[in-house]
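What you see is a predicted model; the values in this text were computed from it and never measured. In what follows, every chain begins at residue 1, and chains take the letters A, B, ... in the order their sequences are listed.
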Number of protein chains: 2
Amino acid sequence: MFKIGELADLCNISADTLRFYEKNGLFQASKRSGAGYRLYTQADKNRLEFILTSKSVGFSLKEIADLLSINLDKSNRTCGDAKQLVDDKLAQVKEKLAELERLESSLQSLSDACCGGSESALHCTILEALATPKKPH
Amino acid sequence: MFKIGELADLCNISADTLRFYEKNGLFQASKRSGAGYRLYTQADKNRLEFILTSKSVGFSLKEIADLLSINLDKSNRTCGDAKQLVDDKLAQVKEKLAELERLESSLQSLSDACCGGSESALHCTILEALATPKKPH
DNA sequence: ATTGACCTTAGATCTTAGTCTAGGGTTTAT
DNA sequence: ATAAACCCTAGACTAAGATCTAAGGTCAAT
């Protein structure tokens with residue numbers, strides 16, 4: 001059994017984060033010691049790793065709760081359920097990517113048009129471009 | 001002169017947002033009416049458009065404050081100053097893009113490996129993959 | 001037996017960019 | 001002269017995901 005600090009160290013997160021996950025219904029310890037210390041089993045650690053892996057591919061904690069509920073009741077849920085969550089997330093990520101690519105291209109244009117020199121900014125193309133209203137995208 | 005609601009409508013933002021910008025030192029009205037109403041000039045509207053255009057290319061309000069301070073003191077600031085802010089932002093955006101591309105590829109792999117069918121999720125490749133710890137990137 | 005490292009809780013704080021509410025004053029049109 | 005539509009302020013609230021604080025209890029080693 002691991003105490004909270006031990007599990008936190010093993011998984012490279014803080015004990016505070018573990019308490020936070022617990023408060024938000026994501027991740028409970030299997031037991032408490034006589035003194036009230038949280039005690040985590042290897043199975044708990046596996047569950048935590050599921051959570052952290054999910055986080056690392058971009059799922060929010062709320063979405064991870066959905067994934068966990070499928071995982072906890074595998075036999076009554078379908079592959080389609082799991083894939084739907086992944087595909088929804090993928091669509092979100094693609095949307096953000098498109099927005100960031102738009103920003104990247106705007107910023108690149110601004111940068112390319114500006115000499116960047118040490119003369120005064122009186123006629124700076126960047127400041128001029130920013131002063132020009134743009135249509136909402 | 002525009003009242004706050006008029007300017008807000010013209011610029012497609014809310015009056016609350018204008019008050020919020022003012023509270024945060026980004027954008028003040030030139031005058032107040034006898035009754036205390038904010039009154040904005042065309043020059044104010046131009047400043048607001050600078051802010052909104054900056055926002056639309058991804059600058060945070062804090063960064064916009066920096067841009068504004070250059071814009072307000074053009075003759076004592078350089079093109080280099082302005083370009084630096086743009087290039088810093090561009091670097092941030094590229095970083096986020098790289099991270100999102102990493103997420104996209106992970107999610108795409110998860111999605112591709114899963115049949116997505118209506119059989120039970122007992123052997124779902126997505127759930128199995130998420131249960132497998134990943135090295136921190 | 002006491003120090004230091006660890007654990008407990010509840011609740012406050014942070015960031016960003018607003019939005020909303022309460023309680024009140026003003027302007028405009030009828 | 002009264003109702004609708006607008007404006008004012010201060011301050012609370014939101015999302016997300018933690019992080020930090022205060023005040024205290026526990027455990028291991030010296």
Side-chain angles (χ1 to χ4, degrees), chain A residues 1-40 44 48 50-68 88-89 92-93 96 99-100 103 136, chain B residues 1-40 44 48 50-68 88-89 92-93 96 99-100 103 136:
Chain A
M1 307 284 270
F2 311 107
K3 283 188 292 182
I4 197 167
E6 290 163 356
L7 182 60
D9 284 352
L10 285 172
C11 293
N12 282 304
I13 58 176
S14 74
D16 269 341
T17 296
L18 287 176
R19 292 191 197 97
F20 172 76
Y21 287 173
E22 178 174 307
K23 198 168 60 184
N24 286 274
L26 265 193
F27 181 62
Q28 287 75 37
S30 305
K31 299 186 61 175
R32 291 285 183 128
S33 75
Y37 287 19
R38 291 166 180 83
L39 295 175
Y40 299 94
D44 290 337
L48 179 57
F50 183 99
I51 290 170
L52 297 177
T53 306
S54 300
K55 230 169 73 70
S56 79
V57 299
F59 286 106
S60 70
L61 299 188
K62 190 168 293 195
E63 290 159 347
I64 292 171
D66 295 338
L67 285 168
L68 283 170
D88 287 354
K89 191 75 212 175
Q92 279 174 38
V93 167
K96 276 197 209 161
E99 168 72 358
L100 279 179
L103 297 186
Chain B
M1 308 284 272
F2 312 107
K3 283 188 291 182
I4 196 168
E6 292 165 354
L7 182 60
D9 284 351
L10 285 172
C11 294
N12 282 303
I13 59 178
S14 74
D16 269 341
T17 296
L18 287 175
R19 292 192 198 95
F20 173 76
Y21 287 174
E22 179 175 306
K23 197 168 62 185
N24 286 275
L26 264 193
F27 181 62
Q28 287 76 35
S30 304
K31 297 185 63 173
R32 292 285 183 128
S33 76
Y37 286 19
R38 291 167 182 83
L39 296 174
Y40 300 94
D44 289 338
L48 179 58
F50 183 99
I51 290 170
L52 297 177
T53 305
S54 300
K55 230 168 74 67
S56 78
V57 299
F59 286 105
S60 70
L61 300 188
K62 190 170 291 195
E63 290 159 346
I64 291 172
D66 295 339
L67 284 168
L68 283 171
D88 287 354
K89 192 74 212 176
Q92 280 175 37
V93 167
K96 277 196 208 159
E99 168 71 359
L100 279 179
L103 298 185

Residues within residues 29-40 of chain B bordering DNA chain D, heavy-atom distance below 4.0 Å: B:R32, B:G36, B:Y37, B:R38
Nearest atoms (heavy-atom pairs only) where [X] meets [Y]:
| X | Y | answer |
| --- | --- | --- |
| B:L48 | B:C11 | CD2-SG, 3.6 Å |
| B:L18 | B:A8 | CD1-N, 3.9 Å |
| B:L39 | B:D44 | O-OD2, 3.9 Å |
| A:I4 | A:R19 | CD1-CG, 3.6 Å |
| A:V57 | B:L103 | C-CD2, 3.5 Å |

Flag, side chain of A:K31 to backbone of A:R38, donor-acceptor distance under 3.5 Å: no
Short side-chain to backbone donor-acceptor contact, A:S54 and A:F50, under 3.5 Å: yes
Non-neighbouring partners of B:L10 that pass side chain to side chain contact (heavy atoms under 4.5 Å, CB included), sequence neighbours left out: B:F2, B:K45
Side chain to side chain contact (heavy atoms under 4.5 Å, CB included) involving B:F20 - partner list, sequence neighbours excluded: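 Here the qualifying residues are B:N24, B:L61.
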Any side-chain donor near an acceptor of the partner, B:S56 and B:T53, under 3.5 Å: no
Outermost nucleotides of DNA chain D that come under 4.0 Å of a non-hydrogen atom of chain B: D:dC6 to D:dT9
Sugar-phosphate or base contact per nucleotide [nucleotides 12-19 of chain C; S, B, -; heavy atom under 4.0 Å]: -----BBS
Nucleic acid contacts - residues 1-8 of chain A versus DNA chain C, non-hydrogen atoms under 4.0 Å: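 Only A:K3, A:I4, A:G5 qualify.
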For A:Y37, the option from A:R32, A:M1, A:K3 that meets side-chain contact (heavy atoms from CB on, under 4.5 Å):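 Result: among A:R32, A:M1, A:K3, A:K3 is the only option passing the side-chain contact (heavy atoms from CB on, under 4.5 Å) with A:Y37.
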Intermediate values then yes/no, ring-ring contact (aromatic ring centres under 6.0 Å, His included), B:F27 and B:Y40: CA-CA 10 Å; B:F27 181 62; B:Y40 300 94; 5.5 Å; yes
